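Since the structure comes first, as C-alpha cells, the remarks are kept for the end.
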Amino acid sequence: MKKHNFNAGPSILPQIAIENTAKAILDLNGIGMSILEISHRSKDFQAIIEEAIALFKELLNIPEGYQVLFLGGGASLQFHMVPSNMMNKKVAYLETGVWAKKAIKEAKFFGETVVVASSADKNFNFIPKGYSVPEDADYFHITTNNTIYGTEIRTDYDCKVPLVADMSSDILSRPMDVSKYALIYGGAQKNLGPAGVTFVIVREDMLGKVDRPLPTMLDYRTHIKEGSMFNTPPCLPIFTVKETLKWIKSLGGVAAIEKMNIEKANLLYNAIDSSKMFVGTAEKDSRSLMNICFVMKDQYKDKEDAFMEFAKNRGMVGIKGHRSVGGFRASTYNALPKESVHALVECMSDFEKENA
Ligand SMILES: *Cc1c(COP(=O)(O)O)cnc(C)c1O
C-alpha cells in the first residue's frame, strides 16, 4: 500500500532525490565508484558541494557577503556556536517552544540572555507580538517554524539588531529576504535532506567580533576558510541536499513551492476548521504551513486512538502529535504531495461520518 509520509523529521524527501542518491551510491556519474567511497577532496565531490552551495544561493537569492556552510552536529550544535561566535555581552531570544528553549539554555553559558517574550503560558500555541528587543543586544534569535507546536513566523522581521533564525523546519518553503538576517541555520532532516548535515548561512561581517578564544572546529571562520572542508563533511547527505535543491529548481523555485505549500495547508486547515470532531491547536494567525497540529474536541477525546488506527490502515504515517501537544500532527513539508493531504482529509471525513 502507498504510504502517506507525514513524519516530522527525518521526513519525506522528493522521490527523484532518493532515486538519484541510490544511483550515486551504486555508481557516481559512471566513475565506477560509489559516492560513499570517494575522497571528499576529489574533483567529483568538489563539484557536488559547489553545486549544492550555488543552488542554495540561487534559490534563496542570497546576497553578496554571505557564506553558505554545510556542517555536522545538527541544529543543536548551532544553539552553542551562534552565541559563542557572536555574543559579547547580551543577546535576545524569542521563546516559542522547546527548540527555542534549548537555544536559550546554550546562550546563557555565554552571558546575559534576555527572553523578550514567550508563548509558554499557552503551551506555545502562538507567536508572541508587541515586545521590544533591547537595542544593545548583539543579536535577536527567533525560531521561524516551531515543529512541535505548528506555529510559524512567515515574514522576515525588520529588526534593529542582527537577526538570527533557526529555520530547521521551514527553510526553502517560501521566498525570503536573506538580507534581513545575520545568520540562518538548521538541520537538513526536516525539509531539505537526510539527517547528518546542518546548513548555516552567515553574513561574514558578523564574525570576528568576540574576545573569547574559539575552538578551531567551533569557529565559523574555520569552515568559511576551508569551504566546509576543514574536516570531512557529511558527503552523502550533502549529495541528497543537492538533489533536493535541483528538484526545487525544476519546479520553479521557492515561489512555486510556497504556492503548493499554501494549497496543501489550506486544504487540511479547512478540513479541520469545518470538522465536528477535530480542532486545530495553534492560533489561526500563527499557523504553520509545515506542521499542522490538531486534536479531537473534548467530547470525542476518547476516539483519538481509534482514529490513529483508522488512519494507519489507510496508509497514513507519522501523524501522531508530539507528546507535549498530544493529538495529531501532519507535517506537510515541501516534498509531501498534495494527494497525501487529500488522502488524510478524506480519512478524517470518513472517520467522522462513522463516529460523530
Ligand atoms: C528538529 C529541530 C531542531 C533540532 O535539530 P537537530 O539537527 O536534531 O539538532 C532544532 N530546531 C528546530 C526548529 C527543529 O525542528
Side-chain angles (χ1 to χ4, degrees), residues 5-13 69-84 93-107 115 118-120 123-128 139-154 156-157 163-174 176 181 183-201 217-218 223 228 233-234 236-238 240-241 244 261 281-282 286-293 318-325 329-336:
N5 183 352
F6 293 96
N7 280 327
S11 37
I12 189 164
L13 290 171
L69 302 174
F70 290 121
L71 308 176
S76 299
L77 182 59
Q78 295 310 307
F79 296 162
H80 172 98
M81 277 179 77
V82 165
S84 74
Y93 278 69
L94 185 61
E95 189 181 77
T96 51
V98 158
W99 298 119
K101 281 172 77 167
K102 290 188 173 175
I104 291 164
K105 181 176 174 223
E106 297 305 307
V115 175
S118 173
S119 46
N123 199 26
F124 300 114
N125 77 348
F126 70 103
I127 303 287
Y139 63 80
F140 174 46
H141 179 285
I142 58 175
T143 311
T144 51
N145 187 67
N146 298 282
T147 322
I148 294 173
Y149 315 89
T151 63
E152 188 177 11
I153 298 169
R154 290 187 49 226
D156 303 308
Y157 285 166
L163 186 61
V164 173
D166 173 358
M167 294 200 180
S168 292
S169 50
D170 64 349
I171 189 73
L172 290 148
S173 68
R174 63 174 177 89
M176 57 177 289
Y181 299 82
L183 189 146
I184 301 167
Y185 66 88
Q189 70 275 16
K190 310 288 166 50
N191 212 11
L192 190 58
V197 63
T198 310
F199 67 87
V200 176
I201 305 167
M217 194 54 195
L218 298 182
H223 301 286
S228 297
L236 185 68
I238 290 171
T240 312
V241 165
T244 304
N261 286 337
T281 55
S286 300
R287 281 174 161 178
S288 167
L289 298 189
M290 298 283 100
N291 310 94
I292 299 179
C293 297
I319 61 163
K320 194 171 174 52
H322 189 272
R323 61 188 179 280
S324 56
V325 179
R329 167 177 57 177
S331 297
T332 52
Y333 296 125
N334 289 348
L336 184 84

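Computed from heavy atoms alone, side chains included, the values below leave out hydrogens, waters and symmetry copies. Starting from 1, each residue takes its place in the sequence as its number. Remember, it's 1-based here, ligands and their atoms both numbered in the order they're listed. Everything quoted here is computed from the prediction, not taken from an experiment.
Scanning all protein heavy atoms for the shortest distance to atom 8 (O) of ligand 1 gives Gln189 NE2, 3.3 Å. In this structure, the protein non-hydrogen atom closest to atom 2 (C) of ligand 1 is Lys190 NZ, 2.5 Å. Atom 9 (O) of ligand 1 has its closest protein heavy atom at Ser76 OG, 2.6 Å.
Where the criterion is an N or O separation shorter than 3.5 Å, residue side chain and backbone included, Asp166 meets it with respect to ligand 1. Between Thr147 and ligand 1, at least one pair of N/O atoms sits closer than 3.5 Å. In terms of polar-atom proximity, defined here as any N/O pair under 3.5 Å, Ala75 does make such a contact with ligand 1.
The atoms of ligand 1 that sit less than 4.0 Å from any heavy atom of Thr143 are 13 (C). Within ligand 1, counting atoms from 1 as listed, the ones closer than 4.0 Å to a heavy atom of Gly74 are 7 (O), 9 (O). Close approach of ligand 1 to Phe79 (heavy-atom distance below 4.0 Å) involves ligand atoms 10 (C). For ligand 1, the atoms closer than 4.0 angstrom to any heavy atom of Asn145 are 13 (C).
Between the CZ atom of Phe124 and the CH2 atom of Trp99 there is a distance of 13.0 Å, given to the nearest 0.5 Å. Taking CE of Met217 as the reference point, atom CG of Leu71 lies at 7.5 Å (rounded to 0.5 Å). The distance from the CZ atom of Arg154 to the CE atom of Met176 is 13.0 Å, given to the nearest 0.5 Å. Rounded to the nearest 0.5 Å, atoms OG1 (Thr144) and CZ (Arg174) are 7.0 Å apart.
Judged by the shortest distance from any of its heavy atoms, Thr198 lies outside the 4.0 Å radius around the atoms of ligand 1. For Lys102, the heavy-atom gap to ligand 1 stays at 4.0 angstrom or more.
Using bins of under 30°, 30° to 60° and over 60° for the plane-to-plane angle, the ring pair His141/Tyr185 lands in the tilted bin.
Using a 4.5 Å cut-off on side-chain heavy atoms (C-beta onward), Ile148 and Arg329 make contact. Taking the side chain as every heavy atom from C-beta outward, Tyr333 and Asn291 approach each other to under 4.5 Å. Here the side chains of Glu152 and Leu289 are in contact, with some heavy-atom distance below 4.5 Å. Between Phe199 and Phe70 the shortest side-chain heavy-atom distance falls below 4.5 Å.
Residue-level proximity to ligand 1 for Ser168 is carried by the side chain, the only part with a heavy atom below 4.0 angstrom.
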